[in-house]
There are 2 protein chains.
Amino acid sequence: MSASPLVRKLGALCLLSEEEIEFLEGLQNNTLNADRGRDFIVEGKDLRTTFIVIEGWAIRYSVLSNGRRQILSYALPGDILGLHVNFRATATYSASALTPLKLSVVDPRRVIEISQKFPIIAAGLSWCTAREFAILGDQAVRLGRLSARQRLAHLFLELWHRFALIGDNNGDWLEIPMTQQDLADTLGMSLVHTNRSLKSLRDIDLISVEKDHVRLNNVKALIEMSEFNPEHLSEFEI
Amino acid sequence: MSASPLVRKLGALCLLSEEEIEFLEGLQNNTLNADRGRDFIVEGKDLRTTFIVIEGWAIRYSVLSNGRRQILSYALPGDILGLHVNFRATATYSASALTPLKLSVVDPRRVIEISQKFPIIAAGLSWCTAREFAILGDQAVRLGRLSARQRLAHLFLELWHRFALIGDNNGDWLEIPMTQQDLADTLGMSLVHTNRSLKSLRDIDLISVEKDHVRLNNVKALIEMSEFNPEHLSEFEI
DNA sequence: CGAATTCTTGACCGGATTCAATTCTCGTGG
DNA sequence: CCACGAGAATTGAATCCGGTCAAGAATTCG
């Protein structure tokens, strides 16, 4: 049996001992499957659980009273949701399965245990937190200061680089399980304009699209035109 | 001498022991003053320091190659910058003093020390982290799904509620040390449109503006019209 | 008092939204 | 195997919110 995505992710950061790996794997043995569309965290409801994504995609989002939705971030295998729930009891966002999802359900008290017993893992989780902040910061830049086409390219590049870290990259092809409505709700645009902007990226041959997949035809040019900064996601280097 | 803002903030969450208070105050005795406009964190540069804001306002921001700037968040007294720097060595954002600023400079190794020796404080910092995430998530909602007037109202409400926690609220009046250009860069809008939107909020009497201050004339109506959710910032309740 | 920054207002333009209709895709059941 | 229907993608047309350019008024501060 191969290592869990979280172990692979942290293992790419620093050398984990047998004991640490065992602990991390043991953390994830209480699993839960969620169908596409199923909410497993609901804004305003009690949240006293930490989730680790094992397989599939999840979204974090918030819905306004007029029905408009803003997707805040995507959670991929190895990502953790609700890492800091000890005090705050009510969720400030919702989370749902974008694809069939396999989660592990973790008692947050075990997270506290980590900082006392496994300093290396604790440092790794701290790194994950910093990374989440960087990703969310990039999302704010996208929403605030980029044009429609730039937003799309920027988001694709983020996801592509994130997959690179968990070693799930498929060449230039990127899995895109979300609908155009999901994309629109991520990038703060309308469905129609999302469609048109995608088309215009295709027209200038920067991307190719096939069922549920996008091909980044010219990563360098995409980085250039979208002001994407790969450093924000690069893994730790000595 | 009165307690530091950080102690007041965490003290509002949970009862701190003498020892814990002493430790937190001791953490902040290495101070640094920065003039308005002075960058103390620079994107792309090495960052191995944790800062705690003692007095004044700071901004976290990112600048694109075309010169456009996106302000990500405001740091107020008691807020911590660079809490999770142990691994990631390069800053993914810049930070600068919006007003004359008094910071304390903390060795991040002392932050690690906390999780081992002061579990209550560690829990408090974890709560701070969750709160920062909620604030940044709200920023994404503002940028992605709110109209210009809504964004302004939403931001004012955020700041007003944040001041409430550190006990620095001045009735309905809110200190606004930033220029309209700063506001524009926060809310992803142009300077001109920021000015016009402010005027339209004044015209319908939701706010009043005076030098460096805004008065929220009708908090309830502002919350209503801007879709602001105070729960995201409310402190921990039993 | 004078220079520089900040704020305000006008005019015009364009990117993005909205409404609406059509086409495409794909899972399901006859 | 194909017809059907629901969701998803695409395209057109009209509109509008917000951006850009430009100029002037008001503050602030040395």
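A note on names: the letters A, B, ... follow the listed sequences, proteins ahead of strands, and every chain is numbered from 1.
Looking at B/Arg36 and B/Thr99, their side chains never bring a donor and an acceptor atom within 3.5 Å of each other. No donor-acceptor contact under 3.5 angstrom links the side chains of B/Ser62 and B/Gln70, judged on distance only.
Ring orientation note: the planes of A/Phe228 and A/His161 are tilted relative to one another, at an angle of 30° to 60°. Ring pair B/Trp57/B/Phe163 is tilted by interplanar angle, where 30° to 60° counts as tilted.
Note: CZ (A/Arg68) to P (C/dT17) measures 8 Å, nearest angstrom. What separates CZ of A/Arg36 from C1' of C/dG27 is a distance of 14 Å, to the nearest Å. Atom pair A/Lys199:NZ and C/dA16:P shows a separation of 17 Å (rounding to whole Å applied). What separates CG of B/Asn195 from P of C/dT5 is a distance of 19 Å, to the nearest Å. If you measure from atom CG of A/Asn66 to atom C1' of C/dT18, you get 14 Å, rounded to the nearest angstrom. Rounded to an integer number of Å, the gap from NE2 of B/His193 to P of C/dT9 is 15 Å. For the pair A/Gln180 CD and C/dC24 P, the computed distance is 15 Å after rounding to whole Å. Atom P of nucleotide C/dT17 and atom CG of A/Leu191 are separated by 10 Å, given to the nearest angstrom.
Both B/Arg196 and B/Gln181 sit near DNA chain C, but only B/Gln181 has its closest nucleotide nearer the 5' end. If you find the closest nucleotide of DNA chain D to A/Val192 and to A/Arg145, the one lying nearer the 5' end belongs to A/Val192.
Checked for salt-bridge contact, A/Arg142 and A/Asp138 miss the test: no charged N lies under 4.0 Å from a carboxylate O. With salt bridges taken as basic N to acidic carboxylate O contacts below 4.0 Å, one links A/Lys9 and A/Asp79. Taking 4.0 Å as the cut-off between side-chain N and carboxylate O, B/Glu158 and B/Arg162 count as a salt-bridged pair.
For DNA chain D, the contact window with chain A, defined by any atom under 4.0 Å from a protein heavy atom, covers D/dA8 to D/dA13 in 5' to 3' order.
Using a 4.0 Å heavy-atom criterion, one finds that B/Ser147 contacts the sugar-phosphate atoms exclusively. Counting any heavy atom pair closer than 4.0 Å across all strands shown, A/Thr179 reaches sugar-phosphate atoms only and no base atom.
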